[in-house]
K.L.:
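Attaching a single structure in structure tokens format; questions to follow.
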Amino acid sequence: MALDRYDALAGGLALLGLAVFVYAVLVAFQPILGGVVALACFAVAAVVRTRDDRHAMVVALLALLVLLVTIATGTLYGLLLGLILAAVCYVGWRVVTGRTAG
């Protein structure tokens with residue numbers, strides 16, 4: 001199987017997530033925020049590998065939502081709220097678009 005643009009984009013996002021996490025832990029001393037950003041990058045990279053552009057965009061927007069809520073509140077409760085909101089939005093998007101089957 002040959003590598004294509006999706007694999008390259010997924011690899012770039014994974015490297016970005018790793019770089020942000022290392023910077024957040026070693027330089028900025030904010031491991032939780034770095035972990036959230038890294039996990040968001042890894043989640044989007046995993047979805048990009050499926051080669052479904054719309055699905056990747058939805059996951060990227062929801063990851064951005066979680067990050068913005070976490071930064072805006074500055075607490076772990078904000079992180080929890082953002083994750084719950086993103087999960088509800090994701091399930092709602094899958095039901096509305098009919099992507100619930102296997």
K.L.:
Is there a side-chain contact between L67 and V37 (heavy atoms, below 4.5 Å)?
P.N.:
yes

K.L.:
Can L76 and I32 be said to form a side chain to side chain contact (heavy atoms under 4.5 Å, CB included), step by step?
P.N.:
CA-CA 9 Å; L76 291 177; I32 294 174; 3.7 Å; yes

K.L.:
Begin from the C-alpha positions of Y90 and V59 and carry the test side chain to side chain contact (heavy atoms under 4.5 Å, CB included) through to its verdict.
P.N.:
CA-CA 8 Å; Y90 181 74; V59 172; 4.1 Å; yes

K.L.:
What are the two closest heavy atoms between A14 and A45, and how far apart are they?
P.N.:
N-CB, 4.2 Å

K.L.:
Do L79 and F42 land in one hydrophobic cluster if side-chain heavy atoms of ILVMFWY residues count as linked below 4.5 Å?
P.N.:
no

K.L.:
Does the side chain to side chain contact (heavy atoms under 4.5 Å, CB included) test come out yes or no for R94 and H55, once each step is laid out?
P.N.:
CA-CA 9 Å; R94 293 217 20 150; H55 197 177; 3.9 Å; yes

K.L.:
Applying the side chain to side chain contact (heavy atoms under 4.5 Å, CB included) criterion to L83, which one of L65, L62, V66 satisfies it?
P.N.:
V66

K.L.:
Check whether the side chains of D52 and Y6 place a donor and an acceptor atom closer than 3.5 Å, and report yes or no.
P.N.:
no

K.L.:
Answer with yes or no whether the hydrophobic clustering places L85 together with L64; edges join I, L, V, M, F, W, Y residues whose side-chain heavy atoms lie under 4.5 Å apart.
P.N.:
no

K.L.:
Under 4.5 Å between side-chain heavy atoms, counting indirect links through other Ile/Leu/Val/Met/Phe/Trp/Tyr residues: same cluster for V25 and V22 or not?
P.N.:
yes

K.L.:
V48, L39: one ILVMFWY side-chain cluster at the under-4.5 Å cut-off?
P.N.:
no

K.L.:
Is it possible for you to say whether V36 and F21 belong to one hydrophobic cluster, with membership spreading through side-chain heavy-atom contacts below 4.5 Å?
P.N.:
no

K.L.:
Would R49 and D4 count as a salt bridge (charged side-chain N to carboxylate O under 4.0 Å, His left out) if you check the C-alpha gap in whole Å, the side-chain angles of each, and the deciding distance to 0.1 Å?
P.N.:
CA-CA 10 Å; R49 296 225 30 195; D4 59 1; over 6 Å; no

K.L.:
Can you give me the closest heavy-atom contact between C41 and G17, atom names plus distance?
P.N.:
CB-CA, 3.6 Å

